[in-house]
Amino acid sequence: MPEGPELRLSGLFVNRVCDGLHFTGKVEKSAISKNPEVPFCSPKYTISAVSRGKEVKLILTPTSDKNDAASVVFRFGMSGSFKFTAVDNLPKHAHLRFYTKDSPKRVLSFVDPRRFGSWEFNGSWQPERGPCVMTEYEKFRENVLKNLSDKVFDKPICEALLNQKYFNGIGNYLRAEILYRLHIPPFMPAREVLEAVKHQNQNSDLSLSKKIKIKKENPDLLQLCHSVPLEVIDLGGKGYDPENAVDYAAFGTWLQCYFVTGMKTMKDSNGRTIWFQVGVLMS
DNA sequence: CGTCCACGTCTAC
DNA sequence: TAGACCTGGACGG
């Protein structure tokens, strides 16, 4: 379940289910996972989460000494998620496990069938990843508009949108939905699209209130990189998560382009499928 | 049974 | 810029 919204929703999920709970003992890793052991052990600790783009960090805090807090930073690959279950109901593919002290004994698991996900003990946010499109909007916007000379922006806009140095949190369904909202041809050069955003940004003949009104009614590409992911979070489910039929139905209804009947698909230069509106390539 | 496809990085030639 | 890394679901024969 893993583009920015799913990572953010996972963090919120952890904070909700772990609120007021205590965990204990060692952190267990499955034998098959190639990710590192998590050498943290405490008789009584709490878990909280924070997310940034396509990463989420769990903070493990011993109740005895909050200065001994440790953390684990996760990336979800194509299939990562957190689940909270009874100990005797451990999910398949639960590769990292945190056990509660409180009864009934439960377990918070990092579940990842395909094992493309990764974690790092006491790691920091990946330094090459840019500001979060959801939680650091102004920084995100500035990071893009100040670096338009980067060769990343020589590429088609649909490919640039997957670059996590600039669009931390955007993934394959979000790029399709965002471009669709503005009817932007996916293979337009990114710099061309973004220079127009920058120019629009500086257009200052109008009053402030008029500018705000225009911004609200005609959000530009970078605003949509923020607001479209937030729409997914506001659906209240888990976003892209086929496992929950009700939430997945709501997500499916929300999609306007990706996976939608009648939309066209192509492979981008990295072999990833881009969904877009029929006719938009020619317009 | 087989082939294709999937929400993403990684590293090796 | 290809593969590599994986499981599993959908669909075809």
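What you are looking at is a predicted structure, and each value in this text was computed from that prediction instead of being measured. Here is how names work: the chains are called A, B, and so on, in the same order as the sequence lines, proteins then strands, and each is numbered from 1.
A close approach under 4.0 Å does occur between a side-chain nitrogen or oxygen of Gln126(A) and OP1 or OP2 of dC10(B). Contact annotation: Ser118(A) reaches the phosphate of dC10(B) (side-chain N/O to OP1 or OP2, under 4.0 Å). Contact annotation: Gln164(A) side-chain N/O to dT9(B) OP1/OP2 distance is under 4.0 Å. For Lys34(A), a side-chain nitrogen or oxygen approaches OP1 or OP2 of dC6(C) to under 4.0 Å. Distances shown here put every side-chain N or O of Ser79(A) at or beyond 4.0 Å from the OP1 or OP2 atom of dG8(B). For dC7(B), one of the phosphate oxygens OP1 or OP2 lies less than 4.0 angstrom from a side-chain nitrogen or oxygen of Arg272(A). Taking only side-chain nitrogens and oxygens, Lys267(A) never comes nearer than 4.0 Å to OP1 or OP2 of dC4(B).
What separates CZ of Phe74(A) from C1' of dG8(B) is a distance of 17 Å, to the nearest Å. The separation between Phe259(A) atom CZ and dC7(B) atom P is 6 Å, rounded to whole Å. When the P atom of dG8(B) is taken as reference, atom CG of Asp112(A) falls 13 Å away, rounded to whole Å. Counting to the nearest Å, the P atom of dG8(B) and the OH atom of Tyr173(A) are 9 Å from each other. Distance Met78(A) CE to dC5(B) C1': 9 Å, rounded to the nearest Å. If you take NZ of Lys54(A) and C1' of dT9(B), they are 9 Å apart, rounded to a whole angstrom. In this structure, Leu7(A) atom CG and dG8(B) atom P are separated by 10 Å, rounded to whole Å. Here the P atom of nucleotide dG8(B) and the NZ atom of Lys165(A) are 20 Å apart, to the nearest Å.
Comparing the P positions of dA12(B) and dC6(C) gives an interatomic distance of 14 Å, to the nearest angstrom. Taking atom P on both nucleotides, dC13(B) is separated from dC5(C) by 12 Å, rounded to a whole Å. Rounded to whole Å, the separation between the P atoms of dC5(B) and dG3(C) comes to 16 Å.
Among the protein residues, Glu243(A) comes within range of no part of the nucleic acid, since none of its heavy atoms lies under 4.0 Å from any strand. Here Arg175(A) lies out of heavy-atom contact (under 4.0 Å) with every strand.
Between the side chains of Asn15(A) and Ser48(A), not a single donor N or O lies within less than 3.5 Å of an accepting N or O. Side-chain contact annotation: Glu28(A) with Tyr99(A), donor-acceptor N/O pair under 3.5 Å present. If you check the side chains of Lys57(A) and Ser51(A), you find no donor sitting under 3.5 Å from an acceptor.
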side-chain contact (heavy atoms from CB on, under 4.5 Å) between Phe23(A) and Leu60(A), intermediate numbers included: CA-CA 9 Å; Phe23(A) 290 76; Leu60(A) 318 176; over 6 Å; no

Listing time: all N or O pairs from protein to nucleotides 7-11 of chain C that are below 3.5 Å?
| unit_1 | atom_1 | unit_2 | atom_2 | d |
| --- | --- | --- | --- | --- |
| dT7(C) | OP1 | Arg115(A) | NH2 | 2.8 |
| dT7(C) | O4' | Pro113(A) | O | 3.3 |
| dT7(C) | O3' | His93(A) | NE2 | 3.2 |
| dG8(C) | OP1 | Lys92(A) | NZ | 3.1 |
| dG8(C) | OP1 | His93(A) | NE2 | 2.6 |

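Looking at Glu55(A) and Arg75(A), a side-chain N of the basic residue comes within less than 4.0 Å of a carboxylate O on the acidic one, giving a salt bridge. Ion pairing of Lys155(A) with Asp268(A) is absent here, as no side-chain N (NZ or NE/NH1/NH2) approaches a carboxylate O to less than 4.0 Å. The pair Glu142(A)-Lys146(A) meets the salt-bridge criterion, since a charged nitrogen lies less than 4.0 angstrom from a carboxylate oxygen.
Classification of the Phe259(A)-Tyr240(A) ring pair by plane angle, with boundaries at 30° and 60°, yields perpendicular.
Comparing Tyr258(A) and Arg75(A) against DNA chain B, the residue whose closest nucleotide sits nearer the 5' end is Tyr258(A).
When distances are taken from the side chain of Glu3(A) to each of dC10(B), dA6(B), dG8(B), the shortest belongs to dG8(B).
Residue ring and base: Phe76(A) does not count as stacked with dC7(B) (centre distance below 5.5 Å and interplanar angle below 30° not both satisfied).
Taking the centre of each ring, Phe76(A) and Phe82(A) come in below the 6.0 Å mark.
The partner of dC7(B), taking Watson-Crick or G-U wobble pairs whose two distances both stay under 3.5 Å, does not exist in any strand shown.
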